[in-house]
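In what follows, chains carry the letters A, B, and so on, assigned in the order in which the sequence lines appear, proteins first and then strands, with residues in each chain numbered from 1.
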Amino acid sequence: MSQSSSLLTSLDPARLRLPEKPALEGLEAKWVPHWESSGVFRFDRTRSRADVFAIDTPPPTVSGSLHVGHVFSYTHTDVVARFHRMRGKEVFYPMGWDDNGLPTERRVQNYYGVRCDPSLPYVPEFVPPAQPPKPPLSVSRPNFIELCARLTTEDEKVFEQLWKTLGLSVDWSMTYATISKRSQRVSQLAFLHLLQRGQAYQVEAPTLWDIDFKTAVAQAELEDREMPGAYHKIAFSLPDAEARGLSRSTVEIETTRPELIPACVALVAHPDDVRYQPLFGKHVLTPLFGVRVPVRAHTLADPEKGSGIAMICTFGDTTDVTWWRELSLPVRAIIQADGTLRDITWGARGWESAQPERAQQYYSELKGLSAAKARAKIVEQLSKSGDLIGEPRPITHAVKFFEKGDRPLEIITSRQWFIKTIELREALIARGRELRWHPEYMENRFENWANGLNGDWCISRQRFFGVPFPVWYPLTPQGQVDHDHPIAAGDAQTPIDPSTDVPAGYRADQRGVPGGFVGDPDVMDTWATSSMSPQIVCGWPDDPDLFARTFPMDLRPQAHDIIRTWLFTSVLRAHLEHDSLPWSHAAISGWVLDPDRKKMSKSKGNVVTPLGLLEEHGSDGVRYWAASGRPGTDTAFDPAQMKVGRRLAIKILNASKFALMSAEPQGKVTAPVDRAMLRNLASLVAEVTVAFEGYDYARVLQRTEAFFWGFCDDYLELVKGRRYGEQGAEGAGSANAALTAALSVMLRLFAPFLPFVTEEVWSWWRDGSIHTAAWPTPDELLSMIGDHGEDVRQTDERAYTWATKVMFEVRKQRSEAKQPLKVPITGVTVKTDADSAALMPIVEADLRAALRVVAFATTVGEPREIVVVGYEPPPSADVRT
RNA sequence: GGGCGGUUAGCUCAGUUGGUAGAGCACCGGCUUUACACGCCGGCUGUCACAGGUUCGAGUCCUGUACCGCCCACCA
């Protein structure tokens with residue numbers, strides 16, 4: 001006998017333990033420790049790759065608290081994990097914490113009242129102040145990193161507790177952190193490989209820059225925000241010599257950033273624009289500063305926009321960078337790393353001016369100001385000088401921000417590390433198509449993003465709490481940093497911190513001295529490490545045995561907002577390092593929306609704490625709500641659905657108690673309605689298994705739930721009397737066997753969604769965890785029914801359907817007659833067609849018991865009707881037809 | 001400007017190859033029924049966004065439009 005069929009039949013009365021009054025309360029506290037100690041979710045690493053289902057779980061950012069959106073999407077993954085586990089897969093399901101990066105730095109700064117000052121020496125045994133001091137205390141980089149590690153460890157404990165209470169079937173012995181030594185090693189090693197293969201490079205170039213965090217950021221981390229601004233119409237003058245033969249002496253441009261006039265290097269118009277064609281090759285003088293700049297032609301200039309001719313500055317936006325590069329223009333940068341205007345000596349090389357003293361005078365009022373303040377000042381100056389034409393015209397326009405930043409991005413020239421991405425565009429798009437997306441349409445976002453890439457991936461960040469670049473640079477005898485000859489760490493050396501570790505061939509006392517070395521001061525973009533999460537969890541490269549059993553993984557679950565970051569970069573890294581996809585499937589979760597149909601904000605999400613929800617509705621209730629959200633679909637935050645889920649769980653407790661409580665022995669399934677019910681259940685199993693394989697867990701839950709309520713409302717009522725022995729031992733035996741089998745199957749169908757209540761019920765009558773029991777198959781049900789011909793199957797089915805129809809009609813009439821159920825019905829007359837009438841003998845006894853009908857009188861004829869004759873006592877008048 | 005998704009009952013949503021519109025919640029009425037009052041039975045509720053088209057037949061397929069949401073691009 002197979003394992004699965006034994007799941008149906010072995011009901012040992014001596015083993016049975018039914019509670020008096022089953023309840024959901026306390027199930028989380030009971031089962032979480034039990035699962036932990038019994039190791040049901042522990043990964044068995046002796047299983048082969050074909051037997052493993054490996055999940056690349058998103059490591060939540062440890063910089064605050066988990067919110068209801070996390071509960072939502074992590075439940076989806078857990079449901080899928082549990083399905084595959086029950087199907088016999090060894091599920092590889094580690095959890096990670098993303099404690100690396102800016103959010104953690106910010107939280108640590110606020111929590112302890114500290115700031116990182118990399119110039120300070122490490123203080124051993126450092127103890128942070130009890131209260132955050134003002135102004136903040138400066139600490140060394142190693143001390144700062146210690147504080148980050150300390151706080152994230154605390155947060156991670158709280159996170160883990162919540163996940164356990166939610167019932168995630170994670171193997172907690174495999175938890176990782178993105179800032180751990182192992183993650184750093186993987187990250188650095190992968191970087192070194194890129195460097196060795198020439199796929200990572202360093203260059204000094206204009207870079208997207210956040211002036212508050214004072215770091216470079218990547219294209220993927222940008223977002224647009226609508227900001228008020230204004231068009232300023234500004235006149236550039238043509239020197240007399242240049243104006244000769246022209247009908248004009250000035251050129252008017254429009255700009256939203258007049259403070260960048262000192263950084264202007266050219267004007268540009270479309271080559272076909274007849275208005276400006278005469279000017280191409282000529283020069284103009286910038287207002288106030290009198291710098292001679294060329295007028296150039298470029299197809300990116302839009303004749304429709306503004307006056308049709310634009311000022312190119314170094315650098316106002318990414319278009320400026322394009323123009324600057326393609327037109328080979330000089331650099332005249334004025335914005336510093338902190339966003340203020342730097343000091344400039346007008347008249348010096350590169351800053352030649354027709355009137356240097358005048359330029360210096362104007363500029364002296366601008367230097368040191370932020371861009372916004374400088375803008376106000378220069379508008380004043382332009383207005384006075386007469387170079388501003390008319391009033392500024394207010395507009396609202398989209399401005400690029402770092403997604404975590406507070407002020408608009410600037411573009412600043414700096415030395416940064418890049419990973420070559422652009423040249424891989426087509427290969428990556430092919431990878432995106434190779435990946436199985438759930439839902440499929442999410443693939444568009446990947447392709448869309450790949451097609452929109454306009455530069456390689458900048459991975460260096462001028463921050464502290466992150467994975468350092470494993471490189472040093474030689475210092476020349478003159479003490480200059482020689483960036484062109486980086487000294488890479490050896491593979492075996494990783495993880496290293498170049499600020500404390502010493503490169504091969506050097507001594508520690510050569511750090512920072514001429515002829516010595518310095519460490520690369522930067523850390524990697526957090527995505528540069530997160531994109532290696534499959535390699536981190538699968539043991540690359542130190543545990544080749546584990547790696548062979550888990551990689552490429554099966555599933556990446558994640559939300560759609562990080563397709564362009566986490567998903568894209570993970571595909572990129574696996575492509576570069578392993579020439580493969582990192583996983584075969586991507587399951588994309590939607591967001592949780594508040595009742596206003598907006599994305600549930602963190603503030604709102606934190607008002608409703610996940611733990612509070614779990615306590616109020618039970619973990620199963622909350623999971624029910626989450627699992628009803630289809631893949632990729634945004635779902636409303638809806639406590640009413642959690643209540644429904646809770647009710648379902650309670651119903652399962654009570655129905656299970658009923659199904660198991662009979663003292664009658666089980667027999668063979670011989671009653672037609674029993675067979676019909678089991679066949680219907682077998683069809684359900686077939687249907688939902690296919691749905692689950694396609695990641696449509698919401699359908700599985702919905703269809704299973706619908707079947708279960710029908711089972712309770714109709715089938716249980718129909719067989720109640722029979723299973724108590726009213727029709728003899730054979731009928732009772734059939735009902736009991738069918739009830740037990742159906743319960744076993746339904747519990748297993750519900751188990752991925754409602755792990756607590758199903759485990760509880762399972763424990764009443766069975767050994768072992770339901771979560772490692774086999775996923776049901778149609779065959780295990782069909783084989784216990786036995787093989788009957790098509791005619792019998794149809795008769796069974798029609799008998800069951802007919803019985804439910806009669807129940808419905810009689811219940812309706814009883815309800816309309818307002819008769820209590822305890823009052824017996826004296827008789828029911830049934831007039832119907834010959835086929836249905838022939839079914840009455842099969843189901844009549846069950847119906848009499850279920851409906852409390854003394855007798856049915858069945859005739860063949862028209863009109864078809866089912867009529868309650870009367871009730872007793874007291875007898876009442878006939879009720880309508 | 002390009003792309004993707006959505007629009008079905010008061011609300012949240014199903015509706016698998018085209019075949020008489022569904023569920024839950026809410027609401028109304030009834031019922032203590034030895035699994036469950038955290039329950040049970042019953043009832044009410046629709047121009048399937050709009051306009052065309054294909055078809056014997058369209059919520060479902062095609063074309064277009066409107067609105068909502070998201071992604072990307074543009075940013076002088």
Side-chain angles (χ1 to χ4, degrees), chain A residues 18 21-24 222 224 227 229 231-232 234 253-257 260 267-269 300-302 305-313 316-320 323 395 397-400 439 441-454 560-561 563-564 590-591 593 595 597-599 618 621 625 628-630 632-638 640-641 643-644 646-662 687 690-691 694 696 698-699 702-703 705-706 709 712-713 716-717 720 724 807-808 810-823 850 852:
Chain A
L18 290 184
K21 178 87 179 162
L24 295 179
L222 304 189
D224 284 350
M227 297 287 289
Y231 278 121
H232 303 78
I234 290 162
I253 61 108
E254 286 200 82
T255 181
T256 54
R257 297 203 60 184
L260 292 179
L267 300 188
V268 66
L300 228 51
D302 182 356
K305 207 166 274 180
S307 56
I309 187 163
M311 144 175 113
I312 304 174
C313 304
D317 59 39
T318 51
T319 317
D320 277 347
W323 281 327
I395 54 157
H397 61 155
V399 178
K400 288 232 181 294
Y441 62 75
M442 286 293 176
E443 202 267 327
N444 291 308
R445 303 216 182 179
F446 181 93
E447 210 158 306
N448 215 339
W449 174 252
N451 281 320
L453 284 174
N454 54 30
H560 53 64
D561 55 334
I563 289 174
R564 66 177 183 169
W591 277 337
L593 304 178
R597 309 261 71 190
K598 300 284 181 212
K599 184 188 177 188
W625 160 76
S628 61
R630 312 176 83 75
T633 306
D634 295 344
T635 299
F637 173 71
D638 190 358
Q641 280 303 106
K643 290 191 172 70
V644 172
R646 181 180 170 79
R647 237 171 291 182
L648 171 64
I650 292 168
K651 189 76 172 178
I652 289 172
L653 285 177
N654 287 312
S656 299
K657 180 182 167 194
F658 172 74
L660 295 171
M661 73 193 295
S662 170
E687 179 194 346
V690 170
D696 196 354
R699 169 183 291 273
Q702 180 205 318
R703 303 283 296 125
E705 185 192 10
W709 284 105
C712 289
D713 295 344
L716 285 186
E717 293 300 324
K720 215 175 237 183
Y724 282 128
M807 278 202 290
F808 174 79
V810 174
R811 281 166 169 173
K812 183 169 165 172
Q813 288 174 49
R814 183 191 284 280
S815 180
E816 283 164 356
K818 304 189 178 180
Q819 288 290 341
L821 192 67
K822 67 181 176 189
V823 174
R852 307 223 171 173

Any N/O pairs under 3.5 Å between the protein and nucleotides 27-33 of chain B? List them or say none.
| from | atom 1 | to | atom 2 | distance (Å) |
| --- | --- | --- | --- | --- |
| B:rG29 | N2 | A:S815 | OG | 2.9 |

With sugar-phosphate meaning primed atoms plus P, OP1 and OP2, does [X] contact a base, only sugar-phosphate, or nothing at under 4.0 Å between heavy atoms?
| X | result |
| --- | --- |
| A:T633 | nothing |
| A:D713 | sugar-phosphate |
| A:L716 | base |
| A:A698 | nothing |

Tell me, please, which residues at least two apart from [X] pass salt bridge (Lys or Arg N to Asp or Glu O under 4.0 Å).
| X | answer |
| --- | --- |
| A:E687 | A:R699, A:R703 |
| A:R646 | A:E25 |
| A:K305 | none |
| A:R630 | A:D696 |

Residues which pass side-chain contact (heavy atoms from CB on, under 4.5 Å) with [X], listed by chain and number, not counting sequence neighbours:
| X | result |
| --- | --- |
| A:N454 | A:Q219 |
| A:S628 | A:Q641 |
| A:K21 | none |
| A:L300 | A:H298, A:T319, A:T322, A:W323 |

- Would you indicate which nucleotide in B:rA37, B:rA35, B:rC40 comes nearest to any side-chain atom of A:A655?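 Of the options given, the side chain of A:A655 lies nearest B:rA35.
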
Measure the distance from [atom1] on [X] to [atom2] on [N] and round it to the nearest whole Å.
| X | N | atom1 | atom2 | answer |
| --- | --- | --- | --- | --- |
| A:K651 | B:rA35 | NZ | C1' | 8 Å |
| A:W709 | B:rG39 | CH2 | P | 7 Å |
| A:R811 | B:rG39 | CZ | C1' | 14 Å |
| A:F658 | B:rC40 | CZ | C1' | 14 Å |

- Query: Taking the C1' atom of each, how far is B:rA23 from B:rG15, in whole Å?
  - Reply: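 The same atom, C1', in both gives a distance of 10 Å.
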
- Task: Between B:rG39 and B:rU45, how far apart are the P atoms? Round to whole Å, please.
- Result: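 These two P atoms come out 25 Å apart once rounded.
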
- Between the base of B:rC74 and the side chain of A:D317, is there a donor-acceptor distance below 3.5 Å?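 Side chain to base: no pair below 3.5 Å.
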
- Give the ring-plane orientation class for A:F637 versus A:W625, where under 30° counts as parallel, over 60° as perpendicular and anything between as tilted.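 Because their plane-to-plane angle is over 60°, the rings of A:F637 and A:W625 count as perpendicular.
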
- Item | Base versus backbone protein contacts along nucleotides 15-26 of chain B [heavy-atom cut-off under 4.0 Å; B, S, -] | SB-------SS-

- Task: Produce a footprint string for nucleotides 3-8 of chain B: one letter per nucleotide, 5' end first; B if the base is under 4.0 Å from any protein heavy atom, S if only the sugar-phosphate is, - if neither.
- Result: -SS---

- Query: Who pairs with A:Y231 by ring-ring contact (aromatic ring centres under 6.0 Å, His included), at least two apart in sequence or on another chain?
  - Reply: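 So A:Y231 forms no ring-ring contact (aromatic ring centres under 6.0 Å, His included) with any residue.
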
- Short question: side chain of A:R814, backbone of A:P820 - any donor-acceptor pair under 3.5 Å?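 Looks like yes, one N/O pair under 3.5 Å.
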
